[in-house]
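All values derive from a computational prediction rather than experimental measurement. Here is how names work: the chains are called A, B, and so on, in the same order as the sequence lines, proteins then strands, and each is numbered from 1.
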There are 2 protein chains.
Amino acid sequence: MKNRLEELRKERGLRQEELATALSVSRQTIGSLENGRYNPSIILAFRIARYFDMSIEEIFIYEEEYCDEK
Amino acid sequence: MKNRLEELRKERGLRQEELATALSVSRQTIGSLENGRYNPSIILAFRIARYFDMSIEEIFIYEEEYCDEK
DNA sequence: TTTTTATGTAAAGTTCGCTTGACATTTATA
DNA sequence: TATAAATGTCAAGCGAACTTTACATAAAAA
């Protein structure tokens, strides 16, 4: 799954650490999401969407080709 | 997190097993989601939303009171 | 009532999401 | 250049999200 986290964070002039703090996760979690090392839990996805005042679908891009992902 | 899975499934006259097969998960996964034993991964949430032709937000209800969930 | 169908749920195992801690690399600033 | 600030990334550990197997219960149909 792709996402627009880095883009959205930079638009707002935030460091990874600041975003992490705002979302109550670790800096490594933000880095890992931005670099695609893993996907967020749905709870974190909701918190991210709420933080940026957007829908989950506007931030996280699900494409069917990942047909075997869980 | 609450969700409308059971309601949506029954509206469409599906058994848990049929929905599970359509989504490529086990029947127990559907039952566990319907009964709130755990939350879906974001990938599964996307597949469910796509299956019902709805947004994730229309199916899964995130409320801020779950402030410590991950 | 008896049998079948649908659902509930537990146990055990695997992988993933997230943590903390650590250290390397890149980028910016003194 | 040298130092600091921001990011990249690894490892170990924990709990969550799945799996399969199994069995119990509920509801519907014979």
Trainee: Under a 3.5 Å distance rule, please check whether A/Asn3 uses its side chain to pair with a backbone N or O of A/Leu5 as donor and acceptor.
Mentor: yes

Trainee: Applying salt bridge (Lys or Arg N to Asp or Glu O under 4.0 Å) to A/Arg4 and A/Glu58, what does each step give before you reach the verdict?
Mentor: CA-CA 8 Å; A/Arg4 299 174 51 207; A/Glu58 286 172 320; over 6 Å; no

Trainee: Indicate yes or no for a side-chain donor-acceptor contact from A/Arg37 to the backbone of A/Leu33 under 3.5 Å, with no hydrogens or angles considered.
Mentor: no

Trainee: Please report the distance, rounded to the nearest Å, between CG in A/Leu44 and C1' in D/dA16.
Mentor: 14 Å

Trainee: Determine, step by step, whether A/Arg9 and A/Glu18 satisfy the salt bridge (Lys or Arg N to Asp or Glu O under 4.0 Å) criterion, reporting the C-alpha distance in whole Å, the side-chain angles of both residues, the deciding distance to 0.1 Å, and the verdict.
Mentor: CA-CA 9 Å; A/Arg9 174 177 63 81; A/Glu18 291 173 317; over 6 Å; no

Trainee: Looking only at heavy atoms, which two atoms of B/Glu57 and A/Ile56 are closest? And how far apart?
Mentor: OE2-N, 2.6 Å

Trainee: Without decimals, in angstroms, what is the distance between B/Ile30 CD1 and C/dT9 P?
Mentor: 16 Å

Trainee: Which whole-number value in Å describes the distance from A/Leu33 CG to D/dG8 C1'?
Mentor: 14 Å

Trainee: Just by distance, no angles: are the side chains of B/Ser32 and B/Thr29 close enough, under 3.5 Å, to form a donor-acceptor pair?
Mentor: no

Trainee: So, A/Arg12 side chain and A/Leu8 main chain: donor-acceptor pair closer than 3.5 Å or not?
Mentor: yes

Trainee: Does B/Glu17, at its CD atom, have more than 12 non-hydrogen atoms belonging to other residues, nucleotides or ligands within less than 6.0 Å?
Mentor: no

Trainee: Report the distance from atom CZ of B/Phe60 to atom P of D/dA17, rounded to the nearest whole Å.
Mentor: 12 Å

Trainee: D/dC18, OP1 or OP2 - any side-chain N/O from B/Ser26 closer than 4.0 Å?
Mentor: no

Trainee: Is there a side-chain polar atom (N or O) of B/Ser41 under 4.0 Å from OP1 or OP2 of C/dC16?
Mentor: no

Trainee: Can you run down the ring-ring contact (aromatic ring centres under 6.0 Å, His included) pairs that involve residues 5-48 of chain B, sequence neighbours left out, and say none if there aren't any?
Mentor: A/Tyr62-B/Phe46

Trainee: Dump every N/O contact between nucleotides 4-8 of chain C and the protein below 3.5 Å, one line per pair.
Mentor:
| from | atom 1 | to | atom 2 | distance (Å) |
| --- | --- | --- | --- | --- |
| C/dA6 | OP1 | B/Arg15 | NE | 3.0 |
| C/dA6 | OP2 | B/Arg15 | NH1 | 3.1 |
| C/dT7 | OP1 | B/Arg9 | NH1 | 2.9 |
| C/dT7 | OP2 | B/Gln16 | N | 2.9 |
| C/dG8 | OP2 | B/Gln16 | NE2 | 2.6 |
| C/dG8 | OP2 | B/Asn35 | ND2 | 3.4 |
| C/dG8 | N7 | B/Arg27 | NH1 | 3.2 |
| C/dG8 | O6 | B/Arg27 | NH2 | 2.8 |

Trainee: Given atom CG of A/Asn39 and atom P of C/dT15, what is their separation to the nearest angstrom?
Mentor: 17 Å

Trainee: What is the distance, rounded to the nearest whole Å, between atom OH of A/Tyr38 and atom P of D/dA16?
Mentor: 16 Å

Trainee: Measure the distance from CD1 on B/Ile42 to P on C/dG17 and round it to the nearest whole Å.
Mentor: 10 Å

Trainee: Once each nucleotide of nucleotides 25-30 of chain C is scored for protein heavy atoms under 4.0 Å, what B/S/- sequence comes out, 5' to 3'?
Mentor: ------

